[in-house]
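Reckoned from all heavy atoms, side chains included, excluding hydrogens, waters and symmetry mates. These figures come from a predicted structure and were not determined experimentally.
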Amino acid sequence: MIDKKYRREDLLGKKCRPVRDVRNGGGDGISPATICTIVDVVRGHGFKIKTEKCPCCGQYAYITNVSREDLELIEDS
């Protein structure tokens, strides 16, 4: 879970990972092993995240309305 102490400006562009399987409206899903980037935070509507491009096929996904409880931040190293 992403703590509520972080503001929108603190989270934009940060890397995250889902803690459970998440699907978008089109039915495409991502697993907890997927690295994502936070694209936007909309109050009352959750997070908009974008997955990394697949090295094999180049596909990626945008998923909107993801709650804080479904994501965890990845520390930059």
For R43, what residues pass the salt bridge (charged side-chain N to carboxylate O under 4.0 Å, His left out) criterion, not counting sequence neighbours? none
Do L73 and L11 pass the side chain to side chain contact (heavy atoms under 4.5 Å, CB included) test, and can you show the C-alpha distance, the side-chain angles, and the key distance before you say yes or no? CA-CA 9 Å; L73 288 177; L11 294 170; 4.1 Å; yes
Can you list everything that forms a side chain to side chain contact (heavy atoms under 4.5 Å, CB included) with K53? Sequence neighbours excluded, please. Y60
Sorted by chain and residue number, the salt bridge (charged side-chain N to carboxylate O under 4.0 Å, His left out) partners of D10 (sequence neighbours excluded) come out as R7
How many angstroms lie between CZ in R17 and CD1 in I35, if you round to the nearest 0.5 Å? 4.0 Å
Could you tell me whether a side-chain N or O of R68 sits under 3.5 Å from a main-chain N or O of D3, the two making a donor and an acceptor? yes
Applying salt bridge (Lys or Arg N to Asp or Glu O under 4.0 Å), which residue pairs with at least one partner in residues 58-67 are found, sequence neighbours left out? none
Which of V66, V41, I38 passes side-chain contact (heavy atoms from CB on, under 4.5 Å) with I2? It is I38
Can you tell me how far the NZ atom of K48 sits from the CD1 atom of I63, to the nearest 0.5 Å? 12.0 Å
Please list, chain by chain and in numerical order, all residues satisfying salt bridge (charged side-chain N to carboxylate O under 4.0 Å, His left out) with E69, sequence neighbours excluded. none
Contacts of D40 that satisfy salt bridge (charged side-chain N to carboxylate O under 4.0 Å, His left out) - sequence neighbours left out: R8
Connected via hydrophobic side-chain network under 4.5 Å: Y62 and I49: no
Start with the C-alpha gap between K15 and E52, add the side-chain angles, then the distance that decides, and say whether salt bridge (Lys or Arg N to Asp or Glu O under 4.0 Å) holds. CA-CA 10 Å; K15 299 288 183 184; E52 301 277 328; 2.7 Å; yes
Taking atom OG1 of T37 and atom CG of L12, what is their separation to the nearest 0.5 Å? 11.0 Å
In short, I30 meets P18 closest at the heavy-atom pair CD1-CG, 3.8 Å
